Amino acid sequence: MSKCKFCGSSNLDFFTAQERMLGLGGEFRYAECQTCGSLQLEIIPVDLSPYYPANYYSFQGLKTSSFLTRLLKTLRMRSFLWLGIQWKVPLYGYWLKKVHTRFNAKIADVGCGNGQLLYELYAGGYRDLHGFDPFIDEEIQISPGLKLWKKRVEESELTFDLIMMHHAFEHMEDPNAVLKSCFGKLNPGGTLLIRCPVADAEVWKTERELWVQLDAPRHLIIPSVKGLMEVAQKTGFELAEVEFDSSEFQFWGTELYKKGMNLDMSKVGMLFTREQLEKLKEKALKYNLEGKGDQVCFYLRKPLKS
Ligand SMILES: [Zn+2]
């Protein structure tokens, strides 16, 4: 590999990182672009399955809600979208309000895992929901208006008003191909929402390969904001907005790795008091405002005429 997958620069520096989430170790060589700052795994293992254990979080069971709970969630979503009432608004409510998505909009979630997020949207009142994940066991119609497809979005006949990728993009190999296929699958004026870690992170700059969201070798690409924007504009997208949405995870996860531990959530309570975790949450909010948090939500719009 000689070029940055984002900006095309040949000015790359290399470093090695270990698998730390499960404690498998190994040595994985990454390139850091000296022009745009994006990161990419140099040699992708032919078989990545040993790094995705059967209990990987995406594949755990779907939690469904009762009719009454769904009704309450729908009312809550409507009162937020239409009246601006912010009462226990789920995170997805803020994304969808920004995109102005109608309840009958066709929405895809790429890398949907067990479909939990789409189920929450269904409970919130959305009725044309499609999950795509080639790694799920089988195709399944969870409820009317919510289907999970065992395939890639580019293999679908459908086109969408909104395509979402929540922490899926960084597991893909070719950012140009991904954005191009999403562009082709969006209706004019539609939005691609990508949430992923970014190399603009202060934690990456200070802790380097101990940064929890480097996540070797599962994360094949980690863009900088600048790098992703180059690919997006080249594809034909207009940038609607970039919003940093990192959490305290960047600090406590990295701290576990600094202490030589795996990503064992049960150890967090031993390392940090409740007050310390609250302080880390505040620190994450501050980092987000300063543009140095470790993950971002990109809103990319396909122009009405392209
Ligand atoms: Zn670059």
Side-chain angles (χ1 to χ4, degrees), residues 54-153 156-169 182 185-187 189-196 240-241 243 245 247-249 265 281 295 297-299 301:
N55 64 353
Y56 192 64
Y57 57 86
S58 293
F59 299 100
Q60 286 170 9
L62 178 74
K63 289 192 197 86
T64 56
S65 327
S66 67
F67 173 74
L68 191 61
T69 308
R70 293 204 308 273
L71 187 65
L72 286 171
K73 286 181 175 177
T74 301
L75 286 173
R76 183 180 66 186
M77 196 60 195
R78 283 175 192 222
S79 58
F80 174 59
L81 289 180
W82 298 343
L83 307 170
I85 297 169
Q86 296 197 33
W87 179 71
K88 293 190 176 178
V89 179
L91 202 49
Y92 71 76
Y94 293 96
W95 307 324
L96 292 171
K97 185 157 186 165
K98 228 175 259 260
V99 180
H100 301 296
T101 303
R102 310 171 316 277
F103 283 104
N104 63 351
K106 205 177 265 299
I107 300 177
D109 184 17
V110 172
C112 63
N114 67 7
Q116 188 68 54
L117 174 68
L118 286 174
Y119 186 82
E120 292 306 317
L121 264 68
Y122 168 75
Y126 291 88
R127 284 296 176 267
D128 202 351
L129 303 162
H130 303 263
F132 292 92
D133 200 326
F135 300 108
I136 56 176
D137 293 336
E138 55 189 352
E139 208 159 279
I140 176 172
Q141 184 89 42
I142 293 180
S143 41
L146 169 51
K147 181 162 184 173
L148 304 188
W149 302 84
K150 185 179 166 61
K151 58 167 123 174
R152 298 178 195 281
V153 69
S156 169
E157 302 286 306
L158 306 169
T159 58
F160 300 93
D161 301 307
L162 170 66
I163 300 178
M164 311 186 290
M165 271 188 224
H166 299 277
H167 293 275
F169 180 73
C182 289
K185 286 284 153 202
L186 276 173
N187 297 324
T191 301
L192 171 62
L193 184 156
I194 300 179
R195 296 179 67 228
C196 67
E241 199 171 332
E243 189 176 53
D245 67 350
S247 74
E248 64 276 24
F249 171 59
M265 303 269 290
K281 202 180 267 188
Q295 60 182 48
C297 184
F298 294 96
Y299 298 86
R301 189 169 301 129

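Heavy atoms only: backbone and side chains are in, while hydrogens, waters and symmetry mates are out. All figures in this text were calculated on a predicted structure; none of them were measured in a lab.
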Atom [atom1] in [X], atom [atom2] in [Y]: separation rounded to 0.5 Å?
| X | Y | atom1 | atom2 | answer |
| --- | --- | --- | --- | --- |
| Cys297 | Tyr94 | SG | OH | 14.0 Å |
| Thr101 | Phe160 | OG1 | CZ | 13.5 Å |
| Ile107 | Leu96 | CD1 | CG | 5.5 Å |

Considering all heavy atoms of both residues, which atom of [X] and which atom of [Y] are nearest to each other, and what is their separation?
| X | Y | value |
| --- | --- | --- |
| Lys185 | Leu158 | CD-O, 3.3 Å |
| Leu129 | Leu118 | CD1-O, 3.5 Å |
| Pro144 | Tyr122 | O-CE1, 3.6 Å |
| Gly111 | Ala168 | CA-CB, 4.2 Å |
| Ile136 | Gly113 | CG2-O, 3.3 Å |
| Cys196 | Phe298 | SG-CE1, 4.0 Å |

| said: As a quick check of understanding, evaluate side-chain contact (heavy atoms from CB on, under 4.5 Å) for Ile142 and Lys147, giving each step before the final call. | reply: CA-CA 6 Å; Ile142 293 180; Lys147 181 162 184 173; over 6 Å; no

Does [X] pair with [Y] as a salt bridge, N-O distance under 4.0 Å?
| X | Y | answer |
| --- | --- | --- |
| Lys98 | Glu241 | yes |
| Asp161 | Arg102 | yes |
| Lys150 | Asp133 | no |

| message | Applying salt bridge (charged side-chain N to carboxylate O under 4.0 Å, His left out) as the test, list every pair that has at least one member in residues 75-87; sequence neighbours left out. | response |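 Non-adjacent pairs meeting salt bridge (charged side-chain N to carboxylate O under 4.0 Å, His left out): zero.
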
| message | Please determine whether ring-ring contact (aromatic ring centres under 6.0 Å, His included) holds for the pair Trp95 and Phe80, giving the CA-CA distance in whole Å, both sets of side-chain angles, and the decisive distance to 0.1 Å. | response | CA-CA 12 Å; Trp95 307 324; Phe80 174 59; over 10 Å; no

Could you tell me whether the side chain of [Y] reaches within less than 4.5 Å of the side chain of [X], counting heavy atoms only?
| X | Y | result |
| --- | --- | --- |
| Lys281 | Phe249 | no |
| Arg195 | Leu91 | yes |
| Thr159 | Glu157 | no |
| Asp109 | His166 | yes |
| Leu186 | Thr191 | no |
| Met164 | Leu162 | yes |

| With Phe132, the side chain to side chain contact (heavy atoms under 4.5 Å, CB included) member among Met165, Lys151, Arg152 |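 Exactly one pass, corresponding to Lys151.
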
| task | Kindly say whether Ser65 contributes a backbone atom to a donor-acceptor pair with the side chain of Thr69 at under 3.5 angstrom? | result |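 It does not hold such a pair.
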
| Is there a donor-acceptor pair closer than 3.5 Å between any side-chain N or O of Tyr92 and the backbone N or O of Glu120? | yes

| Chi angles and distances behind the side-chain contact (heavy atoms from CB on, under 4.5 Å) call for Ile163, Val110 | CA-CA 7 Å; Ile163 300 178; Val110 172; 3.7 Å; yes

| task | Given side-chain contact (heavy atoms from CB on, under 4.5 Å), test Tyr299 with Ile194 step by step and report yes or no. | result | CA-CA 7 Å; Tyr299 298 86; Ile194 300 179; over 6 Å; no

| request: On the 0 to 90° scale, with breaks at 30° and 60°, tag the Tyr126-Phe103 ring pair as parallel, tilted or perpendicular. | output: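 Tyr126 and Phe103: tilted rings.
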
| message | Within a 6.0 Å radius of atom CZ on Arg127, are there more than 12 heavy atoms belonging to other residues, nucleotides or ligands? | response |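 Enclosed.
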
| request: Verify side-chain contact (heavy atoms from CB on, under 4.5 Å) between His167 and Gln295, making sure each step is shown before the conclusion. | output: CA-CA 9 Å; His167 293 275; Gln295 60 182 48; 3.3 Å; yes

